[in-house]
Undergrad: 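My structure is below; once you've seen it, I'll send some questions.
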Amino acid sequence: MSRSQPSQKTGLVYDEIFLRHETSPGHPERPERLLAIREALTNTGLWSQLELISSPPAPQEIVELVHDRFYIDRVKSLSSRGGGYLDSPDTPIGEESFRVAMAAVGGIIAAADAIMTGAIRNAFAAVRPPGHHALPDRAMGFCLFNNVAIAARYLQHAYKLERILIVDWDVHHGNGTQAIFYSDPTVLFFSVHQYPFYPGTGSRQERGWGDGLGLTINAPVPAGTDEKTWLGTFYTMLLPALEHFQPQFVLISAGFDAHELDLLGGLEVTSEGYAQATRLVREIADKYAHGRLLSVLEGGYHLGALGSSVAAHVKALMEDTKQSRDEKKI
């Protein structure tokens, strides 16, 4: 088999261990979310075409690239005592949650390695708990470890990448990711999200600090925003910044709670809208980053909408792009 053949595959991070993160009865971030994703990918015939990526527990030193050791110990300790509420009442954890969170990071790192070595073209990580609200020393918004931020730091540490793009299209602003990279000139963070809304951050005036000024790009949109306007922010606010930044790797904080059916959000995005956004971000990755793209699950709480949106997203990741990067027009 030639080296070019496996590199055309899309990877999938999925493991039964992710179902063991227990929240609380009635909590929207529940194991059934992943079961809905698996069912949708199976029913559409996509599951069998994906390259399944294992999820070994991440070494703690990788998590420490973003999170304080004391905080990691707190998560481990509370989990070992049977669980409880971690830092805020919206973030309950169970006795296996620490182990699950470490496996989620491990799977994401394995996917990043597979992309960087050319074993796969791109990947979607169907992991839980989610991550983009997590701060270096604090959990919030259902999130324990900031999966995407850890992936970015790992890529910088292991592969010496100098410029990484993070696209966050969760309906909620990724305050944790923004805070981690706010003064960092090596990471461009773009977020389109409902505003004003939880967690209260993400105004246009938040643009970075110091060497990172201008590399935080927030596209806040009001409740009721339609899909065309939502997609338009990618063209008007993200694309103009890329000619100068030219990312070497693209990460997506892929929340699907901007869907019109999601009860936790108020936007009007459809499953096809997520497919269109995916194609656009793929074009960015193809143009600047040799196609290197890793998408990580964040929110999405209407099970049917989540399943159909992820299937549309993954199908767009898998599409054959026959044109060379030089021929692509963004």
Side-chain angles (χ1 to χ4, degrees), residues 11-24 27 29-31 33-35 37-38 52-88 90-116 123-159 166 174 176-177 180 251-255 294-299:
L12 174 69
V13 179
Y14 182 95
D15 195 300
E16 296 295 321
I17 192 174
F18 303 144
L19 303 176
R20 300 176 194 166
H21 167 51
E22 298 175 2
T23 49
S24 57
H27 197 282
E29 207 297 279
R30 58 199 194 275
R33 298 177 65 229
L34 295 196
L35 297 177
I37 288 172
R38 177 163 187 163
L52 195 61
I53 297 170
S54 61
S55 300
Q60 182 163 319
E61 57 265 28
I62 289 180
V63 182
E64 289 178 5
L65 293 171
V66 167
H67 292 285
D68 297 348
R69 182 175 300 179
F70 178 74
Y71 170 68
I72 297 169
D73 290 342
R74 282 202 299 114
V75 180
K76 184 177 182 179
S77 176
L78 181 60
S79 187
S80 69
R81 299 197 306 270
Y85 293 98
L86 183 63
D87 294 332
S88 66
D90 62 8
T91 311
I93 68 171
E95 62 181 352
E96 292 196 70
S97 294
F98 176 78
R99 190 162 70 94
V100 176
M102 296 298 279
V105 174
I108 291 164
I109 296 307
D113 284 336
I115 293 168
M116 289 300 298
F124 173 67
V127 300
R128 54 187 299 271
H132 74 152
H133 294 307
L135 295 157
D137 61 352
R138 182 160 58 95
M140 62 181 290
F142 316 162
C143 300
L144 306 189
F145 298 140
N146 198 310
N147 300 314
V148 163
I150 295 169
R153 286 290 186 236
Y154 173 76
L155 287 163
Q156 292 175 331
H157 179 78
Y159 296 99
I166 298 175
T177 310
I180 290 162
L251 294 162
I252 303 176
S253 270
L294 172 55
S295 174
V296 180
L297 180 66
E298 300 285 2

Undergrad: Is a donor on one side and an acceptor on the other found under 3.5 Å between the side chain of R128 and the backbone of H21?
TA: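 Present.
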Undergrad: Do the non-hydrogen side-chain atoms of H157 and I62 ever get within less than 4.5 Å of each other?
TA: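 Side chain of H157 against side chain of I62, heavy atoms only: no contact under 4.5 Å found.
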Undergrad: For the side chain of R33 and the backbone of G299, is there at least one donor-acceptor N/O pair under 3.5 Å apart?
TA: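 Checking the backbone N and O of G299 against the side chain of R33, a donor-acceptor pair under 3.5 Å is found.
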Undergrad: Does the D15 side chain pair with the main chain of I17, one donor and one acceptor, at a distance under 3.5 Å?
TA: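 Yes, D15 side chain to I17 backbone: donor-acceptor pair under 3.5 Å.
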Undergrad: Before you tell me yes or no, could you show the steps for D90 and E29 under side-chain contact (heavy atoms from CB on, under 4.5 Å), namely the whole-Å CA-CA distance, both residues' side-chain angles and the distance that decides it to 0.1 Å?
TA: CA-CA 10 Å; D90 62 8; E29 207 297 279; over 6 Å; no
Undergrad: For Y159, give me all partners under side chain to side chain contact (heavy atoms under 4.5 Å, CB included), at least two apart in sequence or on another chain.
TA: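 Counting only residues at least two positions away or on another chain, Y159 forms a side chain to side chain contact (heavy atoms under 4.5 Å, CB included) with D113, M116, T117, Y154, L155, L161.
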Undergrad: Got a donor-acceptor contact below 3.5 angstrom from the H27 side chain to the T91 backbone?
TA: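 Checking the backbone N and O of T91 against the side chain of H27, no donor-acceptor pair under 3.5 Å is found.
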Undergrad: With rounding to the nearest 0.5 Å, note down the distance linking CD1 in I93 to CG in L78.
TA: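 Output value for this atom pair is 4.0 Å.
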Undergrad: Between CG of L86 and SG of C143, what distance do you get to the nearest 0.5 Å?
TA: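 It is 11.0 Å, given to the nearest 0.5 Å.
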Undergrad: Are any of the side-chain heavy atoms of F142 and T23 separated by less than 4.5 Å?
TA: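 They are not in contact (no side-chain heavy atoms under 4.5 Å apart), so the answer is no.
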Undergrad: So which atom in A58 and which in V105 form the shortest heavy-atom distance, rounded to 0.1 Å?
TA: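 Looking at all heavy atoms of both residues, the shortest contact is CB-CG1, 3.6 Å.
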Undergrad: Knowing that exactly one of L52, I109, V127 qualifies, which makes a side chain to side chain contact (heavy atoms under 4.5 Å, CB included) with V13?
TA: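 Answer after filtering L52, I109, V127: V127.
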Undergrad: So which atom in A111 and which in L294 form the shortest heavy-atom distance, rounded to 0.1 Å?
TA: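 Distance-wise, the nearest heavy atoms are CB-CD1, 3.9 Å.
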Undergrad: Do D73 and Q60 touch side chain to side chain, with heavy atoms closer than 4.5 Å?
TA: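 D73 vs Q60: side chains touch.
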Undergrad: Is there side-chain contact between F98 and I72, with at least one heavy-atom pair below 4.5 Å?
TA: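 Yes, at least one pair of side-chain atoms sits under 4.5 Å.
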Undergrad: Will you find, in the side chains of S253 and E298, an N or O donor that is under 3.5 Å from an N or O acceptor?
TA: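 Looking only at side-chain atoms, E298 and S253 do form a donor-acceptor pair, the distance falling under 3.5 Å.
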Undergrad: Please report the closest heavy-atom contact between N146 and G176, naming both atoms and the distance.
TA: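 Heavy atoms only, the tightest pair is ND2-C, 3.6 Å.
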Undergrad: Short question: side chain of S97, backbone of S79 - any donor-acceptor pair under 3.5 Å?
TA: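 Side chain of S97 to backbone of S79: no pair is present.
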Undergrad: Between V148 and I252, which heavy-atom pair has the shortest distance, and what is it?
TA: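 Nearest heavy atoms, V148 then I252: CG2-O, 4.0 Å.
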Undergrad: Mind checking whether H67 and F145 have parallel, tilted or perpendicular rings, split at 30° and 60°?
TA: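 Plane angle between 30° and 60°, so tilted.
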Undergrad: Using 0.5 Å steps for rounding, measure from the CD1 atom of I108 to the CG atom of L297.
TA: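 Result: 9.5 Å between the selected atoms.
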Undergrad: Tell me which donor-acceptor pairs under 3.5 Å the side chains of residues 132-140 have, and how far apart each pair is, sequence neighbours excluded?
TA:
unit_1, atom_1, unit_2, atom_2, d
H132, ND1, D168, OD2, 2.7
H133, ND1, H173, O, 3.3
H133, ND1, N175, OD1, 2.7

Undergrad: Restricting to non-hydrogen atoms, name the atom on A110 and the atom on I53 that form the minimum distance, rounded to 0.1 Å.
TA: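 Heavy atoms of A110 and I53 come nearest at CB-CG2, 3.7 Å.
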Undergrad: So which atom in A101 and which in L144 form the shortest heavy-atom distance, rounded to 0.1 Å?
TA: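 It is CB-CD1, 4.1 Å.
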